[in-house]
Peer 1: 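One structure coming up, written as C-alpha cells, with questions to follow.
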Amino acid sequence: MPAYALFIREKLADPAEFKKYSEVVAETFKGFPAKILAAYGKQEKLEGTEPDGVVIIEFPDVASARAWYESPAYQKAAEHRWKAGPYNVVIVDGV
C-alpha cells in the first residue's frame with residue numbers, strides 16, 4: 001500500500017539554511033522509490049491555520065518512506081531544514 005511523507009512548514013525562519021537544504025535534498029532520494037507529488041506550491045486554505053509550505057512525497061510503503069527519512073544522507077540534509085524553521089512531519093498510509 002502506498003505511503004505519503006508530509007512535510008508541513010509552519011514558518012520559514014532562516015532562508016539561507018533552507019537554501020542549503022534545497023541544494024542537497026534531491027541527492028538523498030537516490031536509491032529510494034520516491035515520487036514528489038507537491039512541493040511548496042500555491043495553497044488554498046480551507047480550514048485551520050495556513051502553513052507556510054507543504055511537501056507531499058509518495059513511497060510504495062511506510063517502510064520505504066521511513067528508510068529514506070532515517071537514511072544518513074537525509075538526516076544530514078535535514079539538519080539544514082531543522083534550522084530553516086519549524087515543521088510537522090508525518091508518514092501516512094495510503095488507501
Peer 1: Apply salt bridge (Lys or Arg N to Asp or Glu O under 4.0 Å) to residues Glu79 and Lys76 and explain how you reach the verdict.
Peer 2: CA-CA 6 Å; Glu79 291 176 12; Lys76 185 175 180 179; over 6 Å; no
Peer 1: Quick one: pull up OH in Tyr4 and CD1 in Ile57 and give me the separation to the nearest 0.5 Å.
Peer 2: 12.5 Å
Peer 1: Going through the distances and angles, do Asp52 and Arg9 end up as a salt bridge (Lys or Arg N to Asp or Glu O under 4.0 Å)?
Peer 2: CA-CA 5 Å; Asp52 183 54; Arg9 185 173 65 203; 2.6 Å; yes
Peer 1: Any side-chain to backbone donor/acceptor pair from Glu58 onto Leu37? Under 3.5 Å, distance only.
Peer 2: no
Peer 1: Got Glu10 and Asn88 here, is their nearest side-chain heavy-atom distance under 4.5 Å?
Peer 2: yes
Peer 1: Give a yes/no verdict on a cation-pi contact between Arg81 and Phe18, requiring under 6.0 Å between NZ or CZ and the six-membered ring centre and an angle within 45° of the axis.
Peer 2: no
Peer 1: Just say parallel, tilted or perpendicular for the rings of Tyr87 and Phe7, cut-offs at 30° and 60°.
Peer 2: perpendicular
Peer 1: Roughly how far, to the nearest 0.5 Å, is NZ of Lys83 from CD of Glu17?
Peer 2: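 These two atoms lie 5.0 Å from each other.
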Peer 1: Should the pair Trp68 and Phe29 be assigned to parallel (<30°), tilted (30 to 60°) or perpendicular (>60°) ring geometry?
Peer 2: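 Parallel.
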Peer 1: In this structure, would Val92 and Ile56 fall into the same cluster of hydrophobic residues linked by side-chain contacts under 4.5 Å?
Peer 2: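 Yes, Val92 connects to Ile56 through the hydrophobic network.
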Peer 1: Run the salt-bridge test on Glu23 and Lys19 with the 4.0 Å N-O cut-off and return the result as yes or no.
Peer 2: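 A salt bridge is present here (some side-chain N lies under 4.0 Å from a carboxylate O).
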Peer 1: Answer yes if Tyr69 and Ile8 sit in the same cluster of Ile, Leu, Val, Met, Phe, Trp and Tyr residues linked by side chain heavy atoms under 4.5 Å apart, and no otherwise.
Peer 2: no
